[in-house]
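Below: the structure, in structure tokens.
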Amino acid sequence: MMETLIAELPKVELHLHIEGTLEPELVFALARRNRIALPWGSVEALRSAYQFTDLQSFLDLYYQNAAVLCTAQDFYDLTLAYLERCHQERIVHTEIFFDPQTHTARGIPFSVVMEGLMGALEEGLRRWQISSRLILCFLRHLSEESAWQTLAEAEPWLDRLHGVGLDSGERGNPPEKFARVFERVREIGLPVVAHAGEEGPADYIWQSMELLKVRRIDHGVRAIDDPALLEVLARTRLPLTVCPLSNLRLQVVKQMSDHPMRELLERGLCVTVNSDDPAYFGGYLTANYRALVEGLSLRAEQVVQLALNGVEASWMSDEQKRRWSEQILNVARTHGVGNL
Ligand code: ADE
Ligand code: ZN
């Protein structure tokens with residue numbers, strides 16, 4: 001019953017790194033196509049290296065694998081494969097992060113990345129009616145100067161970008177490092193988000209709100225340590241894009257039953273479910289919903305609330321939000337879920 005509810009609910013994804021959908025099979029296929037030598041003997045050998053102790057141990061492999069992405073066709077194939085997965089899992093809207101510095105640092109032009117991503121997003125809309133947004137992320141382990149440089153490279157594409165985010169190694173790279181460049185991004189008229197409170201402290205969530213003026217917090221699970229912050233997040237409904245399987249695989253939580261999602265939801269925060277880097281963390285969006293339900297014994301009403309929160313937290317039009325909220329409630333009703 002819960003399985004089919006999760007499968008049938010129209011779902012929104014708001015925290016998805018497109019480079020994190022690079023499956024080991026595609027790593028090998030693209031390496032062959034681009035004549036790049038890999039340090040792995042086989043797909044299985046690569047997959048067996050996906051045992052992470054923390055965020056950095058994952059990022060090292062994630063950046064290494066991204067080096068097989070060279071042409072617009074590569075970025076197109078990567079993105080279309082993810083969108084096909086969305087179609088299979090009834091993800092109707094997705095807001096996708098990409099890390100241009102990972103590619104421009106290797107000499108791949110910004111335009112090559114954009115052409116591939118945008119071509120696939122247009123095809124996903126045409127073929128499966130999946131709507132999308134594209135969010136450029138600055139890598140926080142790099143300098144503020146590098147972020148400024150990236151913003152300059154993005155200039156010709158600003159009308160096709162929907163927001164700017166901040167990702168990569170959190171510890172020692174506080175939001176305040178990027179306060180000036182984020183101010184410029186907001187002046188340009190783009191909404192901003194930031195990864196905060198994944199491995200870093202609740203204070204980084206405060207900084208993201210007060211200095212970066214974010215519209216959403218990516219992860220944000222460390223808010224659980226700070227009652228005053230929880231109160232503000234509940235009152236303002238500033239959304240958190242939470243990624244349960246990522247938190248488990250990166251040892252942000254020891255086991256799913258320790259995950260704060262249920263408490264955050266019950267305190268009235270606008271928490272949403274997302275997959276982060278599904279090729280690395282053992283599952284796409286429905287797997288994240290399933291793992292939460294199993295680990296935290298969530299009720300069907302709570303699963304429906306999480307799906308509704310995704311719509312609320314998204315950057316869809318108000319009309320689209322109304323439509324998808326209604327459809328979610330219709331599916332809930334057919335499953336006998338009330339009390340919403
Ligand atoms: N880049 C890709 N996934 C990330 C994560 N979970 N945290 C920070 N940076 C990332
Ligand atoms: Zn992330």
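We count ligands from 1, going down the list as the structure has it; atoms in each ligand are counted the same way.
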Output the list of atoms in ligand 1 that are nearer than 4.0 Å to some heavy atom of F58, sorted by atom number. 2 (C), 3 (N)
Within-4.5 Å side-chain heavy-atom neighbours: W315 and V193: yes
protein heavy-atom neighbour closest to atom 9 (N) of ligand 1 works out as S168 N, 2.8 Å
Check E19 against ligand 1 and report side chain, backbone, both or neither, counting heavy atoms closer than 4.0 Å. neither
Would you mind checking if E144 and R180 are paired as a salt bridge, meaning a charged N to carboxylate O distance below 4.0 Å? yes
To the nearest 0.5 Å, what is the distance between CG (L166) and CZ (F178)? 5.5 Å
Counting non-hydrogen protein atoms only, what is the nearest one to atom 6 (N) of ligand 1? Give residue, atom name and distance. D276 OD2, 2.6 Å
Quick check: does Y63 get an N/O under 3.5 Å from an N/O on ligand 1? no
For ligand 1, which part of F97 has a heavy atom less than 4.0 Å away: the side chain, the backbone, both, or neither? neither
Who pairs with R90 by side chain to side chain donor-acceptor pair (under 3.5 Å), at least two apart in sequence or on another chain? none
Just to confirm my output: which protein heavy-atom neighbour is closest to atom 1 (N) of ligand 1, and how far is it? H17 CE1, 3.6 Å
At a 4.0 Å threshold, what atoms of ligand 1 neighbour a non-hydrogen atom of L59? 1 (N), 10 (C)
Just which atoms of ligand 1 are under 4.0 Å from any heavy atom in D167? 1 (N), 9 (N)
Heavy-atom check, side chain of D54 versus side chain of Q251, under 4.5 Å: no
For Y63 and S168, which I'm curious about, is there any donor-acceptor pair between the side chains at under 3.5 Å? yes
Does the side chain of V27 come within less than 4.5 Å of V43's, by heavy atoms? no
Validation row: K11, Y289 side chains within 4.5 angstrom (heavy atoms): yes
What I want to find out is whether E95 reaches R216 closely enough, with some N-O distance under 4.0 Å, to be called a salt bridge. yes
Can a donor-acceptor pair be found between the side chains of D60 and Q64 at a distance below 3.5 Å? no
Any L142 side-chain heavy atom under 4.5 Å of N173 side chain: no
Inside 2.8 Å of the Zn ion (ligand 2) but strictly below it, how many protein N/O/S atoms are present? 4
D77 and Y82: side chain donor to acceptor below 3.5 Å: no
At less than 4.0 angstrom from any non-hydrogen atom of E198, what atoms of ligand 1 do you find? 5 (C), 6 (N), 7 (N), 8 (C)
Can a non-hydrogen atom of G20 be found less than 4.0 Å from any atom of ligand 1? no
re atom 3 (N) of ligand 1, the protein heavy-atom contact at minimum distance is D277 OD2, 2.6 Å
Yes or no: does E170 have any heavy atom under 4.0 Å from an atom of ligand 1? no
Under 30°, 30 to 60°, or over 60°: which ring-plane class applies to F58 and Y280, parallel, tilted or perpendicular? perpendicular
For salt bridge (charged side-chain N to carboxylate O under 4.0 Å, His left out), just list the numbers for R323 and E319, CA-CA rounded to whole Å, side-chain angles, deciding distance to a tenth of an Å, and then say yes or no. CA-CA 6 Å; R323 199 173 114 232; E319 169 55 30; over 6 Å; no
Proximity to ligand 1 by part of D99, non-hydrogen separation under 4.0 Å: neither
If the contact criterion is a heavy-atom separation under 4.0 Å, does Y62 count as touching ligand 1? yes
Touching ligand 1 at all, D218? Heavy atoms, strictly under 4.0 Å? no
